[in-house]
**Student:** 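Mind having a look at this structure? Questions to follow.
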Amino acid sequence: MKTASKIYTAFIFVFLFAPIVILLVFSFNEARSLSVFSGFSLKWYRELFRDEATLESVRNTLLLAVSAMVISTVIGVAASVGIDRLRSKWLKTALKTATDIPMTNPDIITGISLMLMFVFAGRLFGLANSLSFWTMLIAHVTFCLPYVILQVLPKLRQMDPALPEAALDLGCTPRQAFFKVTIPEIMPGIITGAIMAFTMSLDDFVISYFTSGAGFQTLPIRIYNMTKKTVTPKMYALATLIFFVILALLLISNLTDDDALRARKERRRNKTKKIRGNEQ
Amino acid sequence: MSGNTRRRTGALIAPYSIWALLFIAVPLFFVAYYAFTDNSFGFTFGNIARFFTETSRETGSRIYIDIFMRSLKLAVISTAICLLLGYPLAYFMTRASAKAQKIMMVLIMIPMWMNFLIRTYAWMTILQDTGILNGILSGLGLGKMHIIGTESAVVVGMVYDYFPYMVLPIYSIMAKMDYKLIEAARDLGCNGAQVLRRVIIPLSIPGILNGVTMVLIPSISTFYISQKLGNGRFFLIGDAIEGQYVANNLHFAAAMAFILMVILLVAMALIKYLTGRGKYGEGAKA
């Protein structure tokens, strides 16, 4: 049984990684062929870095993701604190249902619904094409908000409500109690929510596809347009670079995750104890 | 609650309330509005009726009903394959050492974090008639297979793209499962199959339901996977909606989106009702 489960697990991971390994290998292929490796070459990488439209779409993607992350985190954290404090049951339910909608609706419906509204609003103002960076930003903030709220709300519920009250008793203004006590307490949730918002925005294609204008292309839309026509190994080079960026990010986040942090803190504490012991 | 605190709470939720109203609720109203109006915004049932009645000139079958049924079929097959492949994997993962579990989690997340366009594209190059798979097959003297453009190719793409969404929710529920329950069932005389059927599966139902919705919904509404790996312009319901959008037939696109949304809402309400007690996860406690 033990070996059988190991073989099974290995088989699944081969299935998950074979396509990625193939992309990786063929990004260094000299020829255009996708089935025969004829020799090592970096020419597709050179071509990729000469492709101004792709480079610009990378910049656009980062600009959009950072903006969407900041806006959705600020609105989402405020909303979570508000929802947590709300006494009105029906308002609470209404806001939570609104949060669930973009999570459960297929992306294509979220995209279509926003697009229809933007097109309609554009007509009202007599615009021929109302889709732009701004409509895309609105769409991204909309689908990022639930991720922030769903990360922050549980942290608020875990927090001891006596903490901000104690701060108020000790002379903090409500504003000070919020920024000095509540925010630091829920910080892990805020950070996870912000990271999720950032990656969701970075990765989104479907909603962006329906809400983007002609002038503003993100990387997923650029990839879509590139793969529409012919297969080019330039795409493989791009995929390989993305793969290594993701790998690096995952390794970094794994090194700085809870366990590692705790271990490091523990070590530091032991060190200070030792120093103090020597002093005495 | 003093008036002051109430005002502050109001100020905190106001931005989100306005945002949710303007950009979540109102857009959904526009889907219905476009679905039930014609090009000059006069009320009509025409778009909805077209979905249910338009027939193909060659075969006489209902075009959009066929498209929808094909989407449903492929999505259900893909979800079933993801579940059959993912469920044992999730279980084996929980039985591994803490370190191995962590490594496997990262390994599952790496493909998930790569854009799904690239993942799909990778399969396109593998399954092409001149692709690697056929290269290997003919190298082994097995002859070539035509896979790209078939329903099987689309299923492969869906399974590959959405597999992590099945494994992760099941794994996170199973990881919380009390292993003593399995031992107790063994002690009380259950064999392996009985333990699986009576203890492990019932306890992991919330994870299964979560995984199934997370795979079923994107696969039933996809259009990129079917464009790259499948064939034909209106292959799946997602292709049909996207095609009408590109052709600037916004009212018919909205009608199809509306129908898809209603069907999914009914299906999800039904799942919730059948598994009982509201939200996922609460049913399993009883």
Side-chain angles (χ1 to χ4, degrees), chain A residues 5 8-9 12-13 15-17 19-20 22-23 26 34-36 75-76 78-79 81-83 85-87 95 98-99 101-102 104-109 112-117 119-120 138-139 141-142 145 174 199 203 205 210 219-220 223-224 227 231 235 238-239 242-243 246-247 250 254, chain B residues 1 8-9 12-13 15-17 19-20 23-28 30-31 34 85 88-89 92 95 104 106-111 113-119 121-126 128 130-132 134-135 160 163 217-218 220-221 223-224 228 238 241 245 250 253-254 257 260-261 264 268:
Chain A
S5 72
Y8 182 80
T9 310
I12 294 281
F13 282 115
F15 170 68
L16 281 179
F17 281 89
I20 297 174
I22 288 166
L23 286 186
F26 279 88
L34 302 169
S35 49
V36 185
I75 298 179
V81 177
I83 291 173
R85 282 188 197 164
L86 265 184
R87 291 278 170 86
L95 285 174
T99 311
I101 291 174
T104 43
N105 251 347
D107 284 354
I108 195 169
I109 290 180
I112 286 269
S113 70
L114 283 160
M115 177 273 295
L116 290 173
M117 186 181 73
V119 168
F120 192 85
I138 289 173
V141 171
T142 305
L145 268 168
T199 48
D203 199 48
F205 163 68
F210 288 104
L219 186 60
I223 294 172
Y224 177 74
T227 52
V231 179
M235 284 289 311
L238 182 62
I242 292 175
F243 174 76
I246 289 166
L247 197 66
L250 275 174
N254 243 35
Chain B
M1 210 191 255
R8 258 195 303 276
T9 308
L12 284 169
I13 56 165
Y16 180 61
S17 310
W19 194 284
F23 302 123
I24 297 174
V26 173
L28 289 181
F30 271 101
V31 175
Y34 270 77
L85 289 178
L89 180 71
F92 296 148
R95 305 261 44 87
M104 284 194 272
V106 173
L107 285 178
I108 287 178
M109 273 157 73
I110 289 174
W113 278 29
M114 289 192 75
N115 196 283
F116 87 101
L117 300 173
I118 290 177
R119 279 179 277 158
Y121 188 77
W123 277 102
M124 196 176 118
T125 60
I126 293 172
Q128 268 186 102
T130 54
I132 291 156
N134 273 319
Y160 184 76
F163 184 71
I217 289 184
I220 203 167
S221 59
F223 62 92
Y224 185 77
K228 290 291 116 177
I241 296 176
Y245 164 71
L250 297 187
L260 179 63
M261 192 166 70
L264 288 176
M268 299 234 280

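In the text below, chain A, chain B and the rest are named by the order of the sequence lines, each starting its count at 1.
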**Student:** Heavy atoms, side chains only, cut-off 4.5 Å: are A/Thr227 and B/Leu117 in contact?
**Tutor:**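 No; the side chains remain at least 4.5 Å from each other.
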
**Student:** So which part of B/Ala25 gets closer than 4.5 Å to some heavy atom of chain A, the side chain, the backbone, both or neither?
**Tutor:**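 For B/Ala25, neither part sits under 4.5 Å from chain A.
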
**Student:** The test is side-chain contact (heavy atoms from CB on, under 4.5 Å); show your working for A/Phe13 and B/Ile108 and say whether it passes.
**Tutor:** CA-CA 8 Å; A/Phe13 282 115; B/Ile108 287 178; 3.6 Å; yes

**Student:** Specify which of A/Thr142, A/Ile75, A/Ile20, A/Asp107 makes the most heavy-atom pairs with chain B at under 4.5 Å.
**Tutor:**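 Top option by heavy-atom pairs under 4.5 Å: A/Thr142.
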
**Student:** Which of the residues A/Val81, A/Ile101, A/Leu145, A/Ile83 is involved in the greatest number of heavy-atom pairs with chain B at under 4.5 angstrom?
**Tutor:**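 Highest number of heavy-atom pairs under 4.5 Å: A/Leu145.
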
**Student:** Heavy atoms only, distances under 4.5 angstrom: which of B/Val26, B/Val31, B/Leu107, B/Leu28 has the most pairs with chain A? Name it, please.
**Tutor:**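 The option with the most such pairs is B/Leu107.
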
**Student:** Dump the intermediate steps for side-chain contact (heavy atoms from CB on, under 4.5 Å) on A/Thr99 and B/Tyr16, then the final yes or no.
**Tutor:** CA-CA 10 Å; A/Thr99 311; B/Tyr16 180 61; 2.8 Å; yes

**Student:** Tell me whether the rings of B/Phe223 and A/Phe210 are parallel (<30°), tilted (30 to 60°) or perpendicular (>60°).
**Tutor:**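 B/Phe223 and A/Phe210: perpendicular rings.
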
**Student:** So, B/Tyr121 side chain and A/Tyr224 main chain: donor-acceptor pair closer than 3.5 Å or not?
**Tutor:**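 Checked: no pair found.
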
**Student:** Are the side chains of B/Ile126 and A/Pro19 in contact, using a 4.5 Å heavy-atom criterion?
**Tutor:**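 Side-chain contact under 4.5 Å: yes.
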
**Student:** For a quick test of reading the model, state the closest non-hydrogen atom pair linking A/Ala239 to B/Met114 and the distance between them.
**Tutor:**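 Closest pair (atom of A/Ala239, atom of B/Met114, distance): O-CE, 3.5 Å.
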
**Student:** Yes or no on side-chain contact (heavy atoms from CB on, under 4.5 Å) for B/Ile118 and A/Phe243, after CA distance, side-chain angles and deciding distance?
**Tutor:** CA-CA 10 Å; B/Ile118 290 177; A/Phe243 174 76; over 6 Å; no

**Student:** Is A/Leu116 in contact with chain B via its backbone, its side chain, both, or neither, using a 4.5 Å heavy-atom distance?
**Tutor:**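 Both backbone and side chain.
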
**Student:** Please answer whether the main-chain N or O of A/Leu16 pairs with a side-chain N or O of B/Tyr160 as donor and acceptor at a distance below 3.5 Å.
**Tutor:**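 Looks like yes, one N/O pair under 3.5 Å.
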
**Student:** With a 4.5 angstrom heavy-atom cut-off, could you sort out which part of B/Phe163 is near chain A: side chain, backbone, both or neither?
**Tutor:**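 Looking at B/Phe163, just its side chain touches chain A.
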
**Student:** Mind ranking B/Ala253, B/Pro111, B/Gly238, B/Ala20 by heavy-atom pairs under 4.5 Å with chain A and telling me who comes out on top?
**Tutor:**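 Top option by heavy-atom pairs under 4.5 Å: B/Pro111.
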
**Student:** At a heavy-atom distance under 4.5 Å, which candidate from A/Ile12, A/Ile242, A/Leu238 has the highest pair count against chain B?
**Tutor:**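 Greatest number of close heavy-atom pairs with chain B: A/Ile12.
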
**Student:** So which atom in B/Asn115 and which in A/Asp203 form the shortest heavy-atom distance, rounded to 0.1 Å?
**Tutor:**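 Scanning both residues, the minimum pair turns out to be ND2-O, 3.0 Å.
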
**Student:** Nearest 0.5 Å please: distance from the CD1 atom of A/Ile108 over to the OH atom of B/Tyr224.
**Tutor:**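 The OH atom of B/Tyr224 is 15.0 Å from CD1 of A/Ile108, to the nearest 0.5 Å.
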
**Student:** Select one option (side chain, backbone, both, neither) describing which atoms of A/Leu247 are under 4.5 Å from chain B's heavy atoms.
**Tutor:**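 Interface part for A/Leu247: side chain.
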
**Student:** Measuring heavy-atom distances to chain B, does A/Leu114 have an atom under 4.5 Å in its side chain, in its backbone, in both, or in neither?
**Tutor:**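 For A/Leu114, heavy atoms of backbone and side chain both lie under 4.5 Å from chain B.
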
**Student:** A/Leu95 versus chain B, heavy atoms under 4.5 Å apart: side chain, backbone, both or neither?
**Tutor:**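 Looking at A/Leu95, backbone and side chain both touch chain B.
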
**Student:** B/Ile110 versus chain A, heavy atoms under 4.5 Å apart: side chain, backbone, both or neither?
**Tutor:**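 Looking at B/Ile110, backbone and side chain both touch chain A.
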
**Student:** If you count heavy-atom pairs under 4.5 Å with chain A, which of B/Arg119, B/Met109, B/Met104 comes out on top?
**Tutor:**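 Top count of heavy-atom pairs under 4.5 Å with chain A: B/Met104.
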
**Student:** Between A/Asn105, A/Leu219, A/Val119, A/Val141, which shows the greatest number of heavy-atom pairs under 4.5 Å with chain B?
**Tutor:**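 Of the options given, most contacts go to A/Val141.
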
**Student:** What part of B/Pro15 gets closer than 4.5 Å to chain A, counting heavy atoms only: side chain, backbone, both or neither?
**Tutor:**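 For B/Pro15, heavy atoms of backbone and side chain both lie under 4.5 Å from chain A.
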
**Student:** Would you give the length of the straight line joining atom OG1 of A/Thr104 to atom CE of B/Met261, rounded to the nearest 0.5 angstrom?
**Tutor:**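 One gets 10.5 Å once the value is rounded to the nearest 0.5 Å.
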
**Student:** Locate the shortest heavy-atom distance separating A/Pro106 from B/Leu264; write the atom from each residue and the value.
**Tutor:**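 Where A/Pro106 meets B/Leu264 most closely, the heavy atoms are CG-CD1, 3.3 Å.
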
**Student:** Mind checking whether A/Phe120 and B/Tyr34 have parallel, tilted or perpendicular rings, split at 30° and 60°?
**Tutor:**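 If you compare the ring of A/Phe120 with that of B/Tyr34, the planes turn out perpendicular.
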
**Student:** Please classify the contact between B/Ile220 and chain A as side chain, backbone, both or neither, with a heavy-atom cut-off of under 4.5 Å.
**Tutor:**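 Interface part for B/Ile220: neither.
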
**Student:** Mind listing the closest non-hydrogen atom pair of B/Thr9 and A/Gly82 along with its distance?
**Tutor:**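 Residues B/Thr9 and A/Gly82, closest heavy atoms: CG2-O, 3.6 Å.
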
**Student:** What is the distance from atom CD1 of B/Ile13 to atom CG of A/Leu86, rounded to the nearest 0.5 Å?
**Tutor:**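 Between B/Ile13 CD1 and A/Leu86 CG, I get 4.0 Å after rounding to 0.5 Å.
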
**Student:** Is there a side-chain contact between A/Pro174 and B/Arg8, using heavy atoms and a 4.5 Å cut-off?
**Tutor:**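 Of all side-chain heavy-atom pairs linking B/Arg8 with A/Pro174, at least one is under 4.5 Å.
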
**Student:** On a heavy-atom basis, which atom in B/Trp19 and which in A/Ile138 lie closest, and how many Å separate them?
**Tutor:**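 That closest heavy-atom pairing would be CZ2-O, 3.6 Å.
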
**Student:** Might you point out which heavy atoms bring A/Pro102 and B/Ile24 nearest each other, and give the distance in Å?
**Tutor:**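 Residues A/Pro102 and B/Ile24, closest heavy atoms: CG-CD1, 3.8 Å.
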
